[in-house]
Amino acid sequence: GAVVSQHPSWVICKSGTSVKIECRSLDFQATTMFWYRQFPKQSLMLMATSNEGSKATYEQGVEKDKFLINHASLTLSTLTVTSAHPEDSSFYICSAISPAGTNEKLFFGSGTQLSVL
Amino acid sequence: DAKTTQPTSMDCAEGRAANLPCNHSTISGNEYVYWYRQIHSQGPQYIIHGLKNNETNEMASLIITEDRKSSTLILPHATLRDTAVYYCIVRLTGNQFYFGTGTSLTVIP
């Protein structure tokens with residue numbers, strides 16, 4: 001299957017700082033990527049849809065000014081958690097669709113565990 | 001996209017077939033059924049998907065009822081490494097993937 005690389009795997013930061021998470025599609029071009037967050041023992045919650053060359057679409061209740069998404073190329077999307085606070089501590093997972101069309105599959109990165117002190 | 005209902009948890013003996021059910025009674029004619037699984041602290045892994053016909057690949061088989069209101073994921077010979085949370089998702093092509101609560105499968109030695 002297609003490979004999606006996510007970096008870093010884990011990050012610890014101080015409250016008030018910003019953290020950037022990168023998501024790359026290694027062997028395919030992804031016009032659409034998705035960002036999820038997951039709290040312990042809970043399911044994945046879709047945060048936003050990242051579209052190459054255009055603004056991201058955020059799910060209801062997700063603050064777009066706090067979770068900045070940039071999808072500047074067909075193989076890279078970034079999520080920046082701005083002014084992070086302890087309640088932002090979570091497991092963040094990116095994903096990309098390949099190939100487009102009726103045989104679409106969603107491939108996931110390995111996730112980033114964010115801990116805000 | 002249609003909502004899915006799955007049992008919260010299931011056990012399966014190692015080496016036996018694991019049959020994971022999913023109800024999607026409000027599914028529309030163009031919505032696909034996808035299955036993913038997530039092993040603890042990892043990104044979900046694609047297993048299989050289908051529209052109307054039963055599907056089989058190297059990982060599993062997907063059985064979709066004729067009325068498409070339910071489906072079953074079959075892992076033919078479960079191993080300890082199949083212990084994971086399994087998610088059934090119903091989705092229109094081009095739409096987002098929304099995850100439900102899934103089924104926590106425990107394979108017992």
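From a predicted model like this one, the values you see are computed outputs, not experimental measurements. Naming convention: chains lettered A, B, ... in sequence-line order (proteins, then strands); numbering from 1 in each chain.
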Fill in the blank from the handout: If one checks every heavy atom of B:Ser41 against chain A at 4.5 Å, the contacting part turns out to be backbone

Exercise for the section: Let me see the working for B:Ser28 and B:Asn30 under side chain to side chain donor-acceptor pair (under 3.5 Å), right down to the final yes or no. Expected result: CA-CA 6 Å; B:Ser28 69; B:Asn30 297 325; 5.8 Å; no

With a 4.5 angstrom heavy-atom cut-off, could you sort out which part of [X] is near chain B: side chain, backbone, both or neither?
X: A:Leu46; result: side chain
X: A:Glu59; result: side chain
X: A:Gln6; result: neither
X: A:Leu44; result: both

Exercise for the section: Test B:Gln96 against every option in A:Thr32, A:Thr57, A:Thr49 by the side-chain hydrogen bond (donor to acceptor under 3.5 Å, both in side chains) rule and name the one that passes. Expected result: A:Thr49

Practice task
Assign the ring pair B:Tyr32 / B:Tyr34 to parallel, tilted or perpendicular, where the plane angle (0 to 90°) is split at 30° and 60°.
Solution key: tilted

Exercise for the section: Would you sort out whether B:His24 and B:Ser70 count as a side chain to side chain donor-acceptor pair (under 3.5 Å), showing the intermediate values? Expected result: CA-CA 5 Å; B:His24 31 78; B:Ser70 66; over 6 Å; no

Exercise for the section: Answer yes if the side chains of A:Ser77 and A:Ser50 hold a donor-acceptor pair under 3.5 Å, and no otherwise. Expected result: yes

